[in-house]
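The next block holds one structure in the form of structure tokens; read it before the comments.
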2 protein chains.
Amino acid sequence: MSFQQTFKALSDPTRREILDLLKSGKKSAGEIGEHFQMTGATISHHLSILKQANLITDEKSGKYIFYELNLTVFEEILSWIQSFQKEG
Amino acid sequence: MSFQQTFKALSDPTRREILDLLKSGKKSAGEIGEHFQMTGATISHHLSILKQANLITDEKSGKYIFYELNLTVFEEILSWIQSFQKEG
DNA sequence: GCTATATTTAGATAATTAGCTAAATATCTA
DNA sequence: TAGATATTTAGCTAATTATCTAAATATAGC
């Protein structure tokens, strides 16, 4: 929820790679995990951190849980970054 | 230097606050430290991480070392964030 | 050269965290 | 209901890191 959580979530390369994967659309936890050489448990841990940071949303569908980017938080980070560029 | 270093550097609230302080112009390590209830050594450590991440530059002037924002890296993060917003 | 000031470096510690394995939960199908 | 699949939770460990104190380095002025 907090800004701090968002930045912490983004500071891990695996989590940023997960976000990159999700650019092409929603994916199940298993599909996401296939791209990494880590256990599903570890991926689940990362997904939970991204979710807490509001960077992704999840949606259950039968056996699967689908994850999707949540762009609203990206807006906030964008504004923060831009505040350094604008003079004044 | 790396993207990873930049994000790690940004993931600490003290370091983000240092960056915010530097928005108003260059400041010495001591001036920066005055805003925090931490030892100078700790602030120095944070400054070193920000410097390694290329988010700030330093300039020695007599007894003092002045730190200043380096905006070029902010551009890169901005692009990364924006890559999520553009569809495709 | 000596002393005071500004900052960093070194070394230690406590807290956080990324990863694992194993167990638990949930859903589907036979 | 039993078994298979998908995912999460719990508990552990090794690595990282934010912080401290103490020591080191550098500069200025007497």
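Atoms considered below: every heavy atom in the structure, side chains included; atoms not considered: hydrogens, waters and symmetry mates. First the proteins, then the strands, lettered A, B, ... as listed; each starts at 1.
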Nearest-angstrom distance from the residue atom [atom1] of [X] to [atom2] of [N]:
X	N	atom1	atom2	value
A/Y64	D/dT8	OH	P	14 Å
B/E34	C/dT5	CD	C1'	13 Å
A/Q52	C/dA18	CD	C1'	15 Å
B/I65	C/dT7	CD1	P	7 Å
B/K26	C/dA6	NZ	C1'	17 Å
A/D12	C/dT17	CG	C1'	9 Å
A/D58	D/dA6	CG	P	18 Å
A/E59	D/dT7	CD	C1'	15 Å

Counting primed atoms, P, OP1 and OP2 as sugar-phosphate and everything else as base, the B/S/- map of nucleotides 24-30 of chain D against protein heavy atoms under 4.0 Å is --SBS--

If the condition is side chain to side chain donor-acceptor pair (under 3.5 Å), which residues does [X] pass it with, not counting sequence neighbours?
X	answer
B/T57	none
B/K51	B/D58
A/K27	A/S24

The side chain of A/M38 is closest to which nucleotide in this list: C/dG19, C/dA6, D/dC20?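 Closest nucleotide among those given: C/dG19.
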
Measure from the side-chain heavy atoms of B/Y67 and tell me the nearest of C/dT8, D/dA18, C/dA6.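 Shortest atom-to-atom distance from the side chain points to C/dT8.
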
Straight-line distance of A/N54 CG to A/L71 CG, nearest 0.5 Å:
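One finds 11.5 Å between CG of A/N54 and CG of A/L71.
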
Contacts under 3.5 angstrom, residues 36-45 of chain B side chains, donor-acceptor by atom type, not counting sequence neighbours:
{"unit_1": "B/T39", "atom_1": "OG1", "unit_2": "B/T42", "atom_2": "N", "d": "3.2"}
{"unit_1": "B/T39", "atom_1": "OG1", "unit_2": "B/T42", "atom_2": "OG1", "d": "3.1"}

How would you list all residue pairs meeting salt bridge (charged side-chain N to carboxylate O under 4.0 Å, His left out) that involve residues 32-45 of chain A, not counting sequence neighbours?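 The answer is none; no pair qualifies.
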
ask   = Does anything in residues 12-21 of chain A pair up under salt bridge (charged side-chain N to carboxylate O under 4.0 Å, His left out), and if so which pairs, sequence neighbours excluded?
value =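 Qualifying pairs: A/D20-A/K23.
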
- prompt: Among all residues two or more places apart in sequence or in another chain, which pass the ring-ring contact (aromatic ring centres under 6.0 Å, His included) test with B/F7?
  reply: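 Once residues adjacent in sequence are excluded, the partners of B/F7 under the ring-ring contact (aromatic ring centres under 6.0 Å, His included) criterion are B/F3, B/W80.
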
Partners passing salt bridge (charged side-chain N to carboxylate O under 4.0 Å, His left out) against B/K26 (at least two apart in sequence or in another chain):
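Partners of B/K26 under the salt bridge (charged side-chain N to carboxylate O under 4.0 Å, His left out) test: B/E59, B/E68.
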
Does the side chain of A/L50 come within less than 4.5 Å of A/L10's, by heavy atoms?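 No - every pair of side-chain heavy atoms lies 4.5 Å or more apart.
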
Side-chain N,O (A/S28) to OP1/OP2 (D/dT7) below 4.0 Å =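 For D/dT7, OP1/OP2 do have a side-chain N/O of A/S28 under 4.0 Å.
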
- prompt: Would you say A/T39 reaches C/dG19's phosphate, i.e. side-chain N/O to OP1/OP2 under 4.0 Å?
  reply: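 Looking at the OP1 and OP2 atoms of C/dG19, neither is under 4.0 Å from any side-chain N or O of A/T39.
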
field: B/I65 with B/L69, same ILVMFWY side-chain cluster at under 4.5 Å
entry: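 Same cluster: B/I65 reaches B/L69 through Ile, Leu, Val, Met, Phe, Trp or Tyr contacts under 4.5 Å.
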
**Prompt:** Where along residues 40-51 of chain A does a heavy atom fall under 4.0 Å from DNA chain D?
**Reply:**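 Going residue by residue through residues 40-51 of chain A, the ones with a heavy atom under 4.0 Å of DNA chain D turn out to be A/G40, A/A41, A/S44.
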
I want to confirm an ordering. Mapping A/E31 and A/K8 to their closest nucleotides on DNA chain D, which one lands closer to the 5' end?
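Final value for this comparison: A/E31.
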
Could you go through nucleotides 1-3 of chain D and list every protein N or O atom that sits under 3.5 Å from one of its N or O atoms, giving the distance for each pair?
none

| field | Members besides A/Y64 in its Ile/Leu/Val/Met/Phe/Trp/Tyr cluster (side-chain heavy atoms under 4.5 Å) | value |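 Taking Ile, Leu, Val, Met, Phe, Trp and Tyr as members, A/Y64 shares its hydrophobic cluster with A/F66.
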
